[in-house]
Amino acid sequence: MNIALEEARNYAIIIGILVAICTYITNSYFQFRNKSIENMERFLNAHDALFKEGQYLVENVHAMESGDFKRDINDKNMELKFNRFLGDIEKIALLTSHGAVPKEVQIYMLGWFAMKVQPVINGAERNNIYWELSIHYIDELSKAASDYEKLPSKKRAKYLKKQKLVH
């Protein structure tokens, strides 16, 4: 009788351990998934801040589309918006440096703008140690977007599918 109880207890312990492991794995998966969703939400909020009414990109998007985009450093109001833009980009760069969102998502959502803005960044901003993160992010994103544009259509589709950016 003792042997049967001891054997049943051992089986119960093994089953309990297996249930605990399954619970741990399931919880870990959902925590990871929720963290990914939260990070994407943070990125989208930071992205949306770039496109609010009156922001630098919104004010200049038509000029960018037409190819007439130039930066007038004498326009103090627009320069203030540009500084705010660099600050908003800094937030996205910080999210990026902590792996919040894949590079493919960033290229898809901001790459075109980075390619348009990068040429108008002046030497003073490039030499300002407090804009290094923003400037570096714009430079890297611009290069990555340029590479993305050069991909054939099939490779771009594969690229987007990898990040689940297709429906």
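All values below were derived from every heavy atom in this structure, side-chain atoms included, with hydrogens, water molecules and symmetry-related copies excluded. Quantities reported herein were computed from a predicted structural model and do not represent experimental measurements.
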note = side chain to side chain contact (heavy atoms under 4.5 Å, CB included) filter on N39, not counting sequence neighbours, yields K35, R42, A100
query = Taking C-beta and beyond as the side chain, do F85 and I138 meet within less than 4.5 Å on heavy atoms?
reply = yes
task = Using a strict cut-off of less than 4.0 Å between a Lys/Arg side-chain nitrogen and an Asp/Glu carboxylate oxygen, indicate whether R71 and E79 qualify as a salt bridge.
result = yes
task = Treat each ILVMFWY residue as a node, draw an edge where side-chain heavy atoms are under 4.5 Å apart, and state whether I89 and L80 are in one component.
result = no
message = Quick check: closest heavy atoms across A49 and Q55, and the distance to 0.1 Å?
response = O-NE2, 3.2 Å
ask   = Could you walk me through whether Y29 and Y24 pass the ring pair (Phe, Tyr, Trp, His ring centres under 6.0 Å) check?
value = CA-CA 9 Å; Y29 167 77; Y24 175 78; over 10 Å; no
task = State the OG-CD distance between S36 and E38, to the nearest 0.5 angstrom.
result = 9.5 Å
message = I'd like to know if the side chain of N122 and the backbone of E125 have a donor-acceptor N/O pair within less than 3.5 Å.
response = yes
query = Given side chains that start at C-beta, do those of M115 and K143 come closer than 4.5 Å, heavy atoms only?
reply = no
query = If you measure from CH2 on W112 to CD on E65, what distance do you get to the nearest 0.5 Å?
reply = 5.0 Å
key: Shared hydrophobic cluster for L133 and V101 (ILVMFWY, side-chain gaps under 4.5 Å)   = no
query = Is a side-chain N or O of K81 found less than 3.5 angstrom from the main chain of G54, in a donor-acceptor match?
reply = yes
query = Passes side-chain contact (heavy atoms from CB on, under 4.5 Å), N60 versus M78? Steps please.
reply = CA-CA 10 Å; N60 289 290; M78 197 57 76; 3.6 Å; yes
message = Measuring from atom CZ of F113 to atom CE of M109, what distance do you get when rounded to the nearest 0.5 angstrom?
response = 10.0 Å
query = Taking it one step at a time, do E90 and L86 satisfy side-chain contact (heavy atoms from CB on, under 4.5 Å)?
reply = CA-CA 6 Å; E90 214 164 40; L86 289 177; over 6 Å; no
Exceeds 12 heavy-atom contacts within 6.0 angstrom, atom CD1 of I73 = no
Linked, directly or transitively: I107 and L94 (ILVMFWY side chains, under 4.5 Å) = no
Atom NZ of K91 with >12 non-hydrogen neighbours under 6.0 angstrom = no
note = So CG of L110 and OG of S142: to nearest 0.5 Å the spacing works out to 12.0 Å
ask   = Looking at OG of S146 and CG of L151, how far apart are the two atoms once the value is rounded to the nearest 0.5 Å?
value = 10.0 Å
Rounded distance [0.5 Å steps], CG in L95 versus CD in Q106 = 8.5 Å
request  = With sequence neighbours excluded, tell me which residues meet side chain to side chain contact (heavy atoms under 4.5 Å, CB included) with N128.
outcome  = Y130, W131
task = Indicate the atoms forming the closest heavy-atom contact of R126 with D139, along with that distance.
result = NH1-OD2, 2.8 Å
request  = Verify the neighbour count for atom NZ of K103: are there more than 12 heavy atoms of other residues, nucleotides or ligands below 6.0 Å?
outcome  = yes
inquiry  = Under a 3.5 Å distance rule, please check whether T96 uses its side chain to pair with a backbone N or O of I92 as donor and acceptor.
reply    = yes
query = Do D48 and K52 pass the salt bridge (Lys or Arg N to Asp or Glu O under 4.0 Å) test, and can you show the C-alpha distance, the side-chain angles, and the key distance before you say yes or no?
reply = CA-CA 6 Å; D48 288 349; K52 285 184 179 172; over 6 Å; no
ask   = When you measure from the centre of the six-membered ring of Y56, is the NZ or CZ of R84 under 6.0 Å away and within 45° of the axis?
value = no
inquiry  = Set out, in order, the CA-CA distance, both residues' side-chain angles and the distance that settles side-chain contact (heavy atoms from CB on, under 4.5 Å) for F82 and D75, then state yes or no.
reply    = CA-CA 10 Å; F82 187 76; D75 183 344; over 6 Å; no
Heavy-atom pair with the smallest gap, counting every atom of L57 and L50 = CB-O, 3.9 Å
